[in-house]
Each structure stands twice: as C-alpha cells, then as structure tokens.
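Hydrogens, waters and symmetry mates are skipped; everything else that's a heavy atom, side chains included, is used.
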Amino acid sequence: MTIDCEALAENPSVASPYDLLFQALVLIPISHYFFLALFTSLAFLYSFLEIHFLHHLRTLFRGDPVTLTYNSSSNLCQSLVANCTILRGRYSATPWLSSPHLQTAFLSLFGRAPPVSYRRELFLALDGGTIVLDWLTYSDGQYFIFLLLVLYGLIFNVICIKVAEGSCLIDNSAAVKHDKTPIVIVIPGLTSDSSSAYVKHLAFNMAKNGWNVVVSNHRGLGGVSLTSDCFYNAGWTEDLRKIIDHIHCEYPEAPLFAVGTSIGANILVKYLGEDKTNTHLVGAAAICSPWDLLMCDRFINRRPAQKIYDRVLTLGLQGYAQLHKSILSRLADWEHIEKSSSVREFDNHATRVLGKFETVDTFYRRSSSINHVEHVSVPLLCISAFDDPVCTSEAIPWDECRVNENIILATTQHGGHLAFYEGVTASSLWWIRAVLEFFGVLSTNPFIKGRRKGPVQCSIDEGADVNVMGDGPVTATATATADETRDTLSEASSSPNENEQPSNVAVQGRIDKLSRRSGKSIWLLAYIAIITTWPFLVSLLSLLRRRFKTFTLFRK
C-alpha cells in the first residue's frame, strides 16, 4: 500500500497520519493504559532495586553456595574450613527480600533488634578524648525466679538449680579478673553504635552462646560528647589499639576476638595489618568491609541507586557533626559541612581537615585496609556479598587473601550490606551464625595457644561505669558516677543453629558466675517468697491438722 503525498496535500479533507494515530489511540480503553503504566513501573522498580525474585525461586530450597577463598597450603585455614559447616554450605536469602536494597533497608528500618542492656565504661585517652565501651549484660532471671518463689515457696532451691543448669538464662556481665571466657569486641560501622540493630543481633547471639561481648563505640557516638579535638575516621586505629590493650590488661586470661562491620571492618583489618603479631587478638571477623575507600567512593556515585545511599550516609555524617558543632565549627569550615551533598564533600571539608590529610583522595588511599591485608597475622574471616550496594565487590582483595595463610574470604551472591537475612520470616542474619561458628571452632583450635602475649601496662585512664538499659545508650560524660542498678530481664530463646558453646569450661564459668552474682538477691527473694506465701502455708497446715485429727478419731 502506497500513500500519495501530493494527493494528501491537495485534499485537506484527508486526515493526516498523526490524526489517524490519535484517533486510534483514543479508541484504546483507559484500563489498558493503566495496566501498561503499572507494568512499566514494576519493570523499572525490578531493574532499579535489582530484585532477583526469579533467581530466588530457583534457589529457594537450596540457596547459592558460599565461595571460599583461602591459601590451600595453610593447615590452619584447612582445619577451620573443615570444621565450619556453615561456610561450606549455602546461603538462601529471604524470598520476599530478594534485593540487596530491600535487605539493607529492612535491616535499617525494621531490624527486629532483641532487647539488650549494657553496662557502660568510660575512659579518658591520653589526648583527653573519651572512649566508650558498652558491655552487654542480662539480668540473672531474678524476676522470673521471684514468680517461681511466690508460686512454689519452699521448693525454690530445686527450681533454681534446674534453671541454672539450663540454657535459658544469660548472665553476661563484664568478666571477672581471672575469667577465661572469651571476649568479643564489636567495632560498628559508620555513625553506628551499640544501639544499632545489627550490633544488638550480634551481641545477643554471641552472649547467648556463652561469650562476653563489649561494643566499642566510636568517639562522639553512643550518646557521649567529645572531650577533645580528636575525631574518629575510617583509618583511625589508635582507639581500637588502646581498647584491646586495656581489655587484655583487665582480663589477661580471657582470649580476645573482634568483629568489625563496614567501616569498623576496615579499621579492624588495618589495625591487624599494622600490628601484625603484636596484637592480643587471637581471632577476628570483617563483615562487609569497603577494603578500598577510593574505589568505593567512585562506586557509590556511579548509579542512581548508589547515589541514594551516598545521600543517606551524608545525612548521617552531618547529624554526627551537628552533635559536636561547638568543636567542629572551630576546627573546620562549618558552612561547607552543612552544605555537603555527598560523603566525598563531607570528607573533603571535615574528615580530611581533622585528620590533616592533603587531599580527600590521599585520605582514602592511606586509610584503606587493602594496603594491610598481606600483613594480617591472626585468623581472620572476611564476609562480603557480590550485590552489596555500598561496598563494591570490585574492591575485594582476592589475591591478597589467597596468599595470606591466616585469612578465609567468604563471598555470597546476595546479602546486601550487613543484612544477609535468611528464612521465610527473616528471623536471623546468616553472617552472625557464620561468625559464631568460626569463633567457636577457632577457640578450640590449638593454634591460638601460641598467639597469646604477656600483660601490658594500661594506656587508658579509667572513668566511670554507667548502666545502659533497654534500647540504647544514655548520655553520659567522663565525670559521671557509677550507677549500680540491676539489669533488665531478657529471655534468651535458643535456635538449633546457635547452640554451640566456646568450651565446657566457659559454660561452667557462666553458671558459677550466675550463682555468685545471685547470692544476696536469692536470699532476699527467698525471704520475700516465704513472707508472701506464709498465709497460704498456715492455712495448709491448719487444714492438714484438722484432717489428721479427723483421721485419728475415725481410727479410734
């Protein structure tokens, strides 16, 4: 069919092709346009959010295998891998969180953090800065025991013994001087502290399995003001070094482990590479480390989805700066800090200036842990996801990890940033189970016996102890007085995959410490229970006496 253009031009009654097209489009029902717009929007979201729903359906029951990279000639790595079933298994992400963005957002917005309480220690560093340690604590079940006492009165002792022998109660107060229970030091990510959901998940599960847990809050976070002109950054390892030395000095017989997350992982790996064998740590784990800060800076500004994370992180940094405006405005250009629209701009106007770096790229290069991976001299588990929307997998140091005889690198196809939700109900984080098993295997490995250093002089001035309850820290200063308050009751529900204990000695130490700590309060509760149940006991005795008299008269 041909169209005579001259005839169309000479005869105006003949409609133009565009008019015909418009008339045809008008004839299409509006509902069809609605479905087309809906389909287009879903297709855009599917691509923008990187949803892998179809892939998850295919791997729903099996999951994707975990890729392990380590030195095949290392006897240590071979021994650890052989005993870590979770690392040798598969990771199956929660089906309805089939996107790294959904996983990461769900962790931030709906973290489902377990109820925990902390006992806070404040220390003054040599530069006058305040270093905050939050020791995870749980009540020793006294309220629960009180109810049992009221109900059962004189049989209290039997019930108490049964409770102590089980695994349903946790008493994870700070270790005593000669306690040999392993201690896990948690280093949170950028602008995160002990109140963050993933930190609580990690601390709760480690404590539930018999470990002592302490969260090392970055300077100026956790509700504690800055007391010096020194700020933390992604490459600042001096505070971590002081904390590890102090904890080893206080509890010389307890093996020390550390878990770093995101920026905290970068700090931890950099510290391990700097100190090499001169560290008191016997094992560590780095979760979702950025590795190369310069490469991650390029990545987070590459696509629209990543730019959203860049903006969110910038707002978090600006909120941190606002808390300490009185100090920061004196040391840096506050006007440009407030106007920063990216992490790079904030680092250029604040972090670089405070850290005395020539350029922001210089700061990124010198602070990146990738430069120190080859010098890590303690067993280190590194976990990263290929779809991490914040820390690109392009920065993972594959060859450096493969050469080092102390590093095991575990990578998964999915997981997001610090999420790794698993199960239909998203009730647990896979990486926490992996770290727990890795530390459990490592704590019984004879390799760690030769890694212990002798005692050192404490380089931190101890400050006050503050009890931190419930859902987060309270504001405190270095001159606060100690509050000796009881911890809140927390019920520890144990899952089949998280029941391994570091050692039988550690478990027995938990029970012994529970008994020692409960000494005075148990007698007090016993007294209250007897007073409370005494009227019932008197009535019961009177009834028994009458029954006995009736029975005696009947026999006569």
field: Full working for salt bridge (Lys or Arg N to Asp or Glu O under 4.0 Å) between R119 and E121
entry: CA-CA 7 Å; R119 182 181 66 82; E121 290 186 79; 3.7 Å; yes

query: Can you check side chain to side chain contact (heavy atoms under 4.5 Å, CB included) on S341 and E345, steps first, answer last?
result: CA-CA 7 Å; S341 59; E345 288 186 14; 3.3 Å; yes

query: Using 30° and 60° as the class limits, which term best fits the ring planes of F110 and F106: parallel, tilted or perpendicular?
result: tilted

statement: Heavy atoms of S192 and L221 approach each other most closely as O-CD1, 3.6 Å

message: For a 4.5 angstrom cut-off between non-hydrogen side-chain atoms, does I263 reach L293?
response: yes

- request: Would you tell me whether S117 and T137 have side-chain atoms, one donor and one acceptor, within less than 3.5 Å of each other?
  value: yes

- request: Check the pair D134 / N217 against side-chain hydrogen bond (donor to acceptor under 3.5 Å, both in side chains), numbers first and verdict last.
  value: CA-CA 8 Å; D134 282 338; N217 295 282; 3.0 Å; yes

message: Using ring-ring contact (aromatic ring centres under 6.0 Å, His included), reason through H246 and F123 one step at a time and then give a plain yes or no.
response: CA-CA 10 Å; H246 165 74; F123 301 92; 4.3 Å; yes

Short side-chain donor-acceptor distance under 3.5 Å, S427 and Y421: no

- prompt: Picking from L268, I267, N266, L272, what satisfies side-chain contact (heavy atoms from CB on, under 4.5 Å) with T237?
  reply: I267

message: Ring-plane angle category for F386 and W398, please: parallel below 30°, perpendicular beyond 60°, tilted otherwise.
response: parallel

- line: Heavy-atom closest pair (V224 atom, R120 atom, distance to 0.1 Å) is CG2-NH1, 3.4 Å

field: Under-4.0 Å salt bridge between R302 and E394
entry: yes

message: H417 vs S262, test: side-chain hydrogen bond (donor to acceptor under 3.5 Å, both in side chains). Steps then yes/no.
response: CA-CA 8 Å; H417 187 67; S262 192; 3.1 Å; yes

- prompt: Would F231 and T351 count as a side chain to side chain contact (heavy atoms under 4.5 Å, CB included) if you check the C-alpha gap in whole Å, the side-chain angles of each, and the deciding distance to 0.1 Å?
  reply: CA-CA 8 Å; F231 288 70; T351 312; over 6 Å; no

Chi angles and distances behind the salt bridge (Lys or Arg N to Asp or Glu O under 4.0 Å) call for R402, D399: CA-CA 5 Å; R402 187 178 292 109; D399 290 340; 3.0 Å; yes

message: Please evaluate residues I396 and W291 with respect to the criterion side chain to side chain contact (heavy atoms under 4.5 Å, CB included), reporting the C-alpha separation (whole Å), side-chain torsions for both, the decisive distance (0.1 Å), and the verdict.
response: CA-CA 6 Å; I396 297 177; W291 299 109; 4.1 Å; yes

task: Please check if any side-chain donor atom of E437 sits under 3.5 Å from a side-chain acceptor atom of T85, or the reverse.
output: yes

query: Would F204 and V199 satisfy side chain to side chain contact (heavy atoms under 4.5 Å, CB included), going step by step from the backbone distance to the final call?
result: CA-CA 8 Å; F204 180 84; V199 174; over 6 Å; no

